[in-house]
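So the structure is just underneath, and the comments pick up after that.
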Amino acid sequence: MPTPDTVRGAGSSSELSLVPDVLAVEARKRALRRDVRRTRRAVSAPDAAAVDAAVAHVLLDCPLLAGARRVAAYTSLPGEPGTRTALAELRRRDVEVLLPVLLPDGDLDWELRPAGPTHGPLGVHAVASADLVVVPALAVDTAGRRLGQGGGSYDRALRRVPARVPVVAVVHDEELLDAAVSPLPALPHDRLVRAVVTPTRWLWLAT
Ligand SMILES: Nc1nc2c(c(=O)[nH]1)N(C=O)[C@@H](CNc1ccc(C(=O)N[C@@H](CCC(=O)O)C(=O)O)cc1)CN2
Ligand SMILES: Nc1ncnc2c1ncn2[C@@H]1O[C@H](COP(=O)(O)OP(=O)(O)OP(=O)(O)O)[C@@H](O)[C@H]1O
């Protein structure tokens, strides 16, 4: 699959000439984030509650979760497809849930819910102990590219996740883009996600 938006990283012989490309990719990411945030602000409270329930239904029914004992996830923020029902159901099923704690440098520490024998943050590498990692995104394309909030937090966290552990992003249906038609802009540091969950379906991505 062509990836015209993927820019080669440091070490390339034409590194300097790529700087404007990097700036252009970052500008395209910013514009896309602005568009998605604007659309997300328009979601009504009743719709958000229905989406929260629908996400739980899709996520908990999908084979990604089968057998998982520890899941890294997140508590949804306003506008994001809700994760509250799914988190409550995971706890009801006695699945351990790791939740992110944003560090001052943008990296992510992790807390266990319910708390384990040791309370408090477990360290940035705790995400490696999950059987499944559920990540927020503003958009995802079918090649697995993910557009996040722009802090680079999950790019760092996902580097620590073993390759065998599936990473699944949660987006609204219209935020899942066809990579052949509208590929998301991406840079070398961007980590791909393996699957996506929307309020209506889940699917593996071409990674
Ligand atoms: N639910 C959730 N938790 C998360 C993330 C996330 O994207 N979603 N993160 C992902 O890394 C980390 C926290 N980073 C975040 C960074 C920015 C925003 C945010 O709400 N940004 C504003 C826009 C700010 C701006 O314009 O610059 C917004 O969305 O309106 C949220 C989380 C860890 N926890
Ligand atoms: N491994 C890393 N270490 C330090 N900084 C990084 C790392 N990966 C990415 N960054 C930086 O984070 C910034 C934002 O990256 P990017 O636009 O990909 O964020 P994002 O994936 O959309 O956000 P998030 O993961 O927080 O939701 C970039 O300036 C990038 O250089």
Side-chain angles (χ1 to χ4, degrees), residues 3 5-11 15 18-43 48 51-52 55-56 59 71-88 90 97-113 121-128 130 133-141 143-161 167-172 175-177 183-194 196-197 199 205 207:
T3 55
D5 293 311
T6 303
V7 179
R8 279 169 294 154
E15 192 177 331
L18 289 172
V19 172
D21 295 344
V22 172
L23 295 178
V25 172
E26 286 179 345
R28 290 189 51 218
K29 286 188 177 188
R30 279 196 300 277
L32 284 168
R33 286 188 187 105
R34 199 181 50 231
D35 290 349
V36 174
R37 285 175 180 143
R38 189 183 299 127
T39 307
R40 284 185 170 188
R41 277 196 289 273
V43 177
V51 164
D52 192 294
V55 165
L59 184 62
V71 174
Y74 62 94
T75 307
S76 51
L77 295 167
E80 292 179 330
T83 60
R84 278 153 212 276
T85 309
L87 290 178
L90 287 173
V97 175
L98 289 170
L99 293 178
V101 179
L102 186 62
L103 296 173
D105 67 355
D107 209 337
L108 299 179
D109 203 335
W110 298 89
E111 272 180 351
L112 192 59
R113 303 286 171 82
L122 301 177
V124 296
H125 291 283
V127 66
V133 181
V134 184
V135 303
L138 292 172
V140 164
D141 74 17
R145 301 183 193 99
R146 164 185 174 272
L147 180 72
Q149 291 287 357
S153 301
Y154 278 94
D155 294 321
R156 278 174 266 188
L158 294 180
R159 278 176 198 283
R160 302 173 183 129
V161 175
V167 177
V168 57
V170 183
V171 294
H172 295 283
E175 296 161 357
L176 171 57
L177 307 176
L184 280 172
L187 289 167
H189 67 250
D190 284 313
R191 310 309 291 176
L192 297 177
V193 298
R194 191 102 65 85
V196 63
V197 161
L205 301 173
T207 59

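A quick note: this is a predicted structure, and the numbers were derived from the prediction, not measured. Read the numbers this way: they start at 1 and go in the same order the structure lists the ligands and their atoms. Position 1 is the first residue of the sequence, and the numbers go up from there.
- Considering backbone and side-chain N/O atoms, Glu80 comes within less than 3.5 Å of an N/O atom of ligand 1.
- Here Arg33 has no heavy atoms under 4.0 Å from ligand 1, in either its backbone or its side chain.
- Between the choices His189, Arg30, Arg191, the shortest heavy-atom distance to atom 31 (O) of ligand 2 belongs to His189.
- Contacts between Asp190 and ligand 2, counted as non-hydrogen atom pairs separated by less than 4.0 Å, involve the side chain only.
- The shell of residues lying under 4.0 angstrom from ligand 2, judged by heavy atoms, includes Arg159.
- Inclusion of Tyr154 in the set of residues having an N or O under 3.5 Å from an N or O of ligand 1 is not warranted.
- By the criterion of a heavy-atom distance under 4.0 Å, neither the backbone nor the side chain of Thr83 is placed next to ligand 1.
- On a distance-only criterion, Arg41 and ligand 1 share no N/O pair closer than 3.5 Å.
- An N or O contact shorter than 3.5 Å is missing between Glu26 and ligand 2 by distance.
- Across the listed options Arg34, Gln149, Arg156, Gln149 owns the non-hydrogen atom lying nearest to atom 18 (C) of ligand 1.
- The nearest non-hydrogen atom to atom 32 (C) of ligand 1, considering only Val36, Leu103, Leu77, Val101, comes from Leu77.
- Summary of contacts: the protein heavy atom closest to atom 14 (N) of ligand 1 is Leu102 CD2, 4.1 Å.
- Note: no N/O pair closer than 3.5 Å links Ser76 and ligand 1 by distance alone.
- The ligand atoms of ligand 1 that sit less than 4.0 angstrom from a heavy atom of Tyr74 are 1 (N), 2 (C).
- The shortest N or O to N or O distance between Leu147 and ligand 2 is not below 3.5 Å.
- Within the 4.0 Å heavy-atom criterion, the part of Arg33 lying near ligand 2 is the side chain and not the backbone.
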